[in-house]
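Take a look at the structure set out below.
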Amino acid sequence: MSGRGKVYLVGAGPGDPELLTVKAQRLLRDCDVVVYDRLVSAAILDQVPPGVTRINAGKAPGRHTMTQGQISALLVRLARAGYQVVRLKGGDPFVFGRGSEEARELARHRVAFEVVPGITAAAGASAYAGIPLTHRGLAHGVRLVTGHRQDGAPLDLDWSCLADPAATLVIYMGLGHVEEIVRQLVAHGLSPRTPAAAIQDGTLPGQRRCLTTLGELAGTVRAAGLRPPVTLVIGRVVSLAPELDWFTGAADASAEESHG
Ligand SMILES: C[S@@+](CC[C@H](N)C(=O)[O-])C[C@H]1O[C@@H](n2cnc3c(N)ncnc32)[C@H](O)[C@@H]1O
């Protein structure tokens, strides 16, 4: 323990430990406690020195280890006790990671904190799948959305805005509702022939990449039996993936290809 406590909200990136930032690595080495999420890969946790206390705040779907309120309260308590705390989150803490909620709680309790960005799944999984998020002539922008919804509620997304053939659409947590996502995008005018990809365990040795079309996306991911975490990428840029596939061969991974 070293003086006044502080919480570092640190992005761990999508899985490959070499995608940790230099700052994240240093903080993991120097902190007293790491409070980590379910999506933080084992290879990253291996970098935490044996003397550092690890607390699993991981939340599996339907099996809540700690509530969000309990996690925030724990961070406040640890900092007030004088600990240097790394709150380690998958990807980037401020992209669909609830890092901002935790930061607000820390601010409300006047606990010192810093935010250390990480590589978000959209950037990491796409790059390792050979998909550039933008490419001149194919996509002039990117939209990041969540396909998660509260129990039973319809997905609350602006479908006419998302059905844009000139932009790349990246959907986090979309696996459970992929059928509805496809139906809505097609209903709002996006061609079913639009290239689409689903990437499971992006950047990890077991990464799986399904390349297909929007119209075939739901059937392809179900047939492949993809399991979370999966990122969906929809847009013309996906057409470059076969040409830019640097990772599958390089890692000699058991990556799977489907061309729907
Ligand atoms: C709760 S969100 C957290 C996002 C995280 N904060 C980020 O910036 O990447 C979890 C979702 O991120 C995506 N995701 C995270 N890691 C991934 C990975 N290694 N491969 C593919 N998708 C991933 C999946 O869509 C997953 O359901």
Side-chain angles (χ1 to χ4, degrees), residues 8-21 24 35-45 56-68 71 86-103 115-131 133 142-150 155 157 168-178 180-181 196-211 217-218 220-221 224-234 238 241 247-248 251 253-256:
Y8 297 87
L9 294 161
V10 177
D16 180 348
E18 296 203 317
L19 293 180
L20 270 177
T21 62
V35 181
Y36 63 94
D37 271 350
R38 179 172 54 91
L39 274 179
V40 174
S41 71
I44 287 174
L45 289 175
N56 180 0
K59 290 169 286 174
R63 284 185 290 124
H64 285 257
T65 305
M66 291 173 86
T67 64
Q68 192 57 51
I71 295 171
V86 167
R87 172 69 176 115
L88 193 60
K89 295 175 135 330
D92 181 273
F94 275 9
V95 179
F96 302 128
R98 306 190 75 169
S100 46
E101 292 173 38
E102 292 172 18
V115 181
V116 181
I119 294 181
T120 191
S126 308
Y128 278 53
I131 302 168
L133 291 178
V142 189
R143 293 188 176 92
L144 310 184
V145 301
T146 171
H148 181 72
R149 63 180 177 188
Q150 298 306 326
L155 283 175
L157 295 169
T168 304
L169 177 59
V170 182
I171 304 171
Y172 291 67
M173 296 169 275
L175 188 61
H177 302 296
V178 61
E180 182 181 350
I181 289 165
I199 308 148
Q200 174 186 313
D201 294 321
T203 80
L204 288 164
Q207 170 175 301
R208 296 177 72 196
R209 174 184 92 155
C210 292
L211 302 179
L217 182 60
T220 302
V221 300
L226 294 195
R227 294 276 171 266
V230 168
T231 292
L232 305 174
V233 186
I234 298 164
V238 176
F247 181 61
T248 308
S254 57
E256 180 167 320

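When a ligand or atom number is given, it counts from 1 through the structure's own listing order. Count residues from 1 along the sequence.
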Taking [X] for the side chain and [Y] for the main chain, is one N or O donor matched with an acceptor at less than 3.5 Å?
X	Y	answer
R87	E102	no
S126	L133	no
Q207	Y128	yes
D16	E18	yes
R209	A241	yes
Y172	P229	no

Self-check item: Per-residue contact class, T203 against ligand 1 - non-hydrogen pairs under 4.0 Å
Solution: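 It is neither; nothing of T203 touches ligand 1.
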Quiz item: Counting heavy atoms only, which part of D201 comes closer than 4.0 Å to ligand 1: side chain, backbone, both or neither?
Solution: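 Within the 4.0 Å criterion, D201 contacts ligand 1 through backbone atoms alone.
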Short list, please: which atoms of ligand 1 are under 4.0 Å from a heavy atom of [X]?
X	result
V95	4 (C), 5 (C), 6 (N), 7 (C), 8 (O)
T231	13 (C), 14 (N), 21 (C), 22 (N), 23 (C), 24 (C), 25 (O)
L39	10 (C), 15 (C)
T120	7 (C), 8 (O), 9 (O)
I199	21 (C)

Note the single closest protein heavy atom to [atom], along with its residue, its atom name and the distance in Å.
atom	answer
atom 17 (C) of ligand 1	P229 CB, 3.8 Å
atom 19 (N) of ligand 1	P14 O, 2.9 Å
atom 2 (S) of ligand 1	F96 O, 3.4 Å
atom 14 (N) of ligand 1	A121 CB, 3.4 Å

I want to know if ligand 1 touches [X] in the polar sense, i.e. an N/O pair below 3.5 angstrom.
X	answer
Y172	no
G202	yes
I119	no
V230	yes
G174	no
Q200	no
M173	yes

Please round to the nearest 0.5 Å and tell me the distance separating atom [atom1] of [X] and atom [atom2] of [Y].
X	Y	atom1	atom2	result
F94	T120	CZ	OG1	13.0 Å
L169	I234	CG	CD1	5.0 Å
T21	I119	OG1	CD1	8.5 Å
S41	L204	OG	CG	5.5 Å
L155	E180	CG	CD	4.0 Å
Q68	E101	CD	CD	5.5 Å

Quiz item: Below 4.0 Å from any atom of ligand 1, is there a heavy atom belonging to G90?
Solution: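 A heavy atom of G90 does come that close to ligand 1.
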